[in-house]
Amino acid sequence: MSLAVALSTAVHPGTRAAVGKAVREGLSSLRAEPPQRLSDWAREHFKLAGESSHQKGSWESWPFQVGWMDAFSNDDIEEVTVQKSKRVGYTKTVTAFVAYNIASRRRKQAVWQPTDDDRDSFVKSEIDPVLDGVASVRAARRRGKAAEAGDTIKLKTFRDSVAHFLGGKAARAYRRITVAVAMLDEWSGFDQQIEKSSDPATLAKGRLEGAPYPKFIGGSTPRIKHLCHTERSRLNADADMRYMIRCPHCDEEHQLLWGGGDKVPHGLKWTRGMPETAHHVCPHNGCIISQGDYLRAWVGAWVCVKTGIRYGTDQIWRDADGLPIRPPRHVAFQIWAAYSPQRTWESIAREWEEAVKAKAAGDTGPLQGFINETLAETWEIIGDRTEEHALQARAESFPLRVVPIGALVLTAGVDVQGNRWEINVWGWAQGLQSWIVDHHVIEGNPADERDWDAVTLYLQRRYPQAWHGGTLGIDAISIDSGHHTQAVYNWVRSMQGRMRVFAIKGASEPGKPIKGTASSQDVNWRGQRWAGGVKLWSIGSDTAKDLLHGQLSITAPGPGYLHFSNELPREWFEQLTAEQRIPVRTPTGEVQRWVKRRPRNEVLDCRNYALHAAYMLGLHTKTDRAWLQLEQAVQPPRDLFSSVAEPAADRAAPVEQPVAHTVNGRITLGGFSRFGRAAS
């Protein structure tokens, strides 16, 4: 008798069955599941729980849900953004993807909600019912008292994976976990910056490093324009998708569009005061489409509004010519409530009319809710800002790179970017009246010590004075240390004794002084450490922007007035006014915050840094007598019979420095290369 046969006869049948089950479960981890798209897997395995759904039972995807569900499970797509309204079933698709990663893909995952309370609600209403109600997920759960005791509301463990469920308020919630899938649900509800560290998406993506198939998913109803994580991500995506249907009357392809205003003749329309008449007008031939017509023809395709690529009923990514392609790395979807079978078009029209009435009575809340949660668009707050058109219109005819009459002291602000330095030089007079003297861009690598030579040379130049024959150099320079921090410290230390240079770091808290406090920074310099080698100064960036906003409203030359040259391009003015101040709700109440209206704002930053340099010189505290003495020294009254001539036409040439222009950090001096102005 063999040993195996002997054991099989000696072991109790119940024990033998338990051992066999344990072996089968252990070996199941070695079995690869056949690849499936999420929409196909969900149709076969996913179940709806009555606790969190109007319906209970098997899952059936709505046609428009298939696009983003399949993008979730497509390993060629690393990032998915969904900007959506309420009632389009997005949260259920996220829950299905969590279950899919547990039962089919067996991948480690993390889902963040804006707060711990949001997390608790999500786990209890969405996740826990799935763990018990979906057979394939239930089969993947670890068994035994130890496994059950280890499961918490924050962490669920499975035989081949784990799932983290976290609140997104604290920076520690993004640490010490490694996952292959990171999801931010209700993304627009997260703080702009998590405990002064970074934005939530950057922190969550950091948990994906090293994953063979990293996946980041962010979705939400949008909120405030310029402050909405979801919209910002969608606009930056490689593909920005909209759901297209075929008109049941003319067969032309189009989106369902909002037509509640009078600006367009198509879209969702109705007789005012009669929301029950709501219908959709085809943008191609004016065909009248009822909601019933739409629901009979709602199987359509997702099409990119940028490139024309599509994902249709064949579930294949195709280019605008219909040829199969590999999907983009980052795909975004936008969908609004008219597509949902859970919203009647009549209810949408009625909600709009009620919101308009409330706005007329002074309450904008319902209208904001309609824009965000029904139209899936951001709500724009018109805050305090200055129009760039008005500033450019008042520009004066003085040349750049020549010190205008009245400017007595020069300071520079330097903004360090990943591939360049941007330099603004401003001239100052009594009362902080100021003139823009120069804007210059040096392209190069701040991490390369050699490329800083061009920066050094440029900042040592001297500028001719208009009609006075003399020259002025830059008295103080403030340089941002936010990018390439160590390289900035090294350069600032090397300039000690040669130029008055200050390393700065912005502080956006309200009330912070423009000239803040300094802290000593140790500097690594060619293998050596210089204790206290560089002082890092804080600059109250919001305070500086508040001051600039007030100064830009001054319309007559004098204290605080800003003078602009008509040689400046439109882009310069747009960057100077790139931010606006709007009210923002915080846990401690409503505060005013400066937010970008456009991506580029280097001119604004450089202005604030040059202002900081002026404060470091104490220009804001100089007495009338001190300014008079400075004027007599720098710009004494001209002798009417003197032979001083106007500066030469080639104004870019420094009087005491060689002429140069800068390409990739190598030394040559020039003008507005970044803005398209030919180098002088």
> Do S233 and T230 meet the criterion of a side-chain donor-acceptor pair at a distance under 3.5 Å?
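No, because no side-chain N or O of S233 sits under 3.5 Å from a partner of the opposite role on T230.
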> Does the distance from a Lys or Arg side-chain N to an Asp or Glu carboxylate O, for R420 and E443, drop under 4.0 Å?
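Not counted as a salt bridge, because no side-chain N and carboxylate O are separated by less than 4.0 Å.
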> Do the side chains of T95 and F46 get nearer than 4.5 Å, heavy atoms only?
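A side-chain contact under 4.5 Å exists here.
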> So I245 and Y243, do their side chains get closer than 4.5 Å, heavy atoms only?
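Heavy-atom side-chain distance check passes, below 4.5 Å.
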> Report the residue from W317, F333, Y311 that forms a ring pair (Phe, Tyr, Trp, His ring centres under 6.0 Å) with W302.
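The single option meeting the ring pair (Phe, Tyr, Trp, His ring centres under 6.0 Å) with W302 is F333.
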> Could you list the residues that satisfy side chain to side chain contact (heavy atoms under 4.5 Å, CB included) with L295, not counting sequence neighbours?
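In terms of side chain to side chain contact (heavy atoms under 4.5 Å, CB included), with neighbours along the sequence ignored, L295 is linked to Q291, W298, P341.
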> For the atom pair CG (N372) and NZ (K225), what is the distance rounded to the nearest 0.5 Å?
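So the CG of N372 and the NZ of K225 are separated by 11.5 Å.
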> Whether D160 and K108 form a salt bridge (side-chain N of Lys/Arg under 4.0 Å from carboxylate O of Asp/Glu) is what I want to check.
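Looking at K108 and D160, the cut-off is not met.
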> So, E373 and R223, do they make that salt bridge, N to O below 4.0 Å?
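Looking at R223 together with E373, the answer is no, because their closest N to O distance does not fall below 4.0 Å.
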> Checking ring pair (Phe, Tyr, Trp, His ring centres under 6.0 Å) against F370, which of W352, W336, W379 comes through?
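Result: among W352, W336, W379, W352 is the only option passing the ring pair (Phe, Tyr, Trp, His ring centres under 6.0 Å) with F370.
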> Are W258 and W345 close enough that their ring centres sit under 6.0 Å apart?
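Centroid distance W258-W345: not below 6.0 Å, so no.
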> Please say which of Q65, Q315, E60 ends up in a side chain to side chain donor-acceptor pair (under 3.5 Å) with S39.
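The side chain to side chain donor-acceptor pair (under 3.5 Å) with S39 is passed solely by Q315 among Q65, Q315, E60.
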> Is any NZ, NE, NH1 or NH2 atom of the basic residue among K306 and D240 found under 4.0 Å from an Asp or Glu carboxylate oxygen of the other?
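Answer for the salt bridge query: no.
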> Are E351 and T374 linked by a side-chain donor-acceptor pair shorter than 3.5 Å?
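E351 vs T374: donor-acceptor pair found between side chains.
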> Kindly check if the number of other-residue, nucleotide or ligand heavy atoms within 6.0 Å of NZ (K357) is above 12?
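At most 12 heavy atoms, drawn from other residues, nucleotides or ligands, come within 6.0 Å of this atom.
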> Can you find a side-chain donor-acceptor pair between N101 and Q109 that sits under 3.5 Å?
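Checked: N101/Q109 side chains pair up, N/O donor to acceptor below 3.5 Å.
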> Please list every donor-acceptor pair under 3.5 Å in which a side-chain atom of residues 129-138 meets a protein atom from a residue at least two apart or in another chain.
from: D132; atom 1: OD1; to: R141; atom 2: NH1; distance (Å): 3.3
from: R138; atom 1: NH1; to: D132; atom 2: O; distance (Å): 2.5

> For residues H330 and T81, is any side-chain donor paired with an opposing acceptor at under 3.5 Å?
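H330 vs T81: donor-acceptor pair found between side chains.
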> Just by distance, with hydrogens left out, do Q342 and W62 show a side-chain donor and acceptor under 3.5 Å apart?
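Note: Q342 and W62 side chains miss the donor-acceptor criterion.
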> Sequence neighbours excluded and cut-off under 3.5 Å, please list the side-chain donor-acceptor pairs for residues 199-210, or say none.
from: D199; atom 1: OD1; to: T202; atom 2: OG1; distance (Å): 2.5
from: D199; atom 1: OD2; to: A201; atom 2: N; distance (Å): 3.2
from: D199; atom 1: OD2; to: T202; atom 2: N; distance (Å): 3.1
from: D199; atom 1: OD2; to: T202; atom 2: OG1; distance (Å): 3.4
from: K205; atom 1: NZ; to: E79; atom 2: OE1; distance (Å): 3.3
from: K205; atom 1: NZ; to: E79; atom 2: OE2; distance (Å): 3.1
from: R207; atom 1: NE; to: Y174; atom 2: O; distance (Å): 2.8
from: R207; atom 1: NH1; to: I177; atom 2: O; distance (Å): 2.9

> Going by the side chain to side chain donor-acceptor pair (under 3.5 Å) test, name the single residue among D191, D118, T115 that passes it with K169.
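Only one of D191, D118, T115 forms a side chain to side chain donor-acceptor pair (under 3.5 Å) with K169, namely D191.
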> Could you check H249, H266, H254 and say which one makes a ring pair (Phe, Tyr, Trp, His ring centres under 6.0 Å) with H280?
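When ring pair (Phe, Tyr, Trp, His ring centres under 6.0 Å) is applied between H280 and each of H249, H266, H254, only H254 qualifies.
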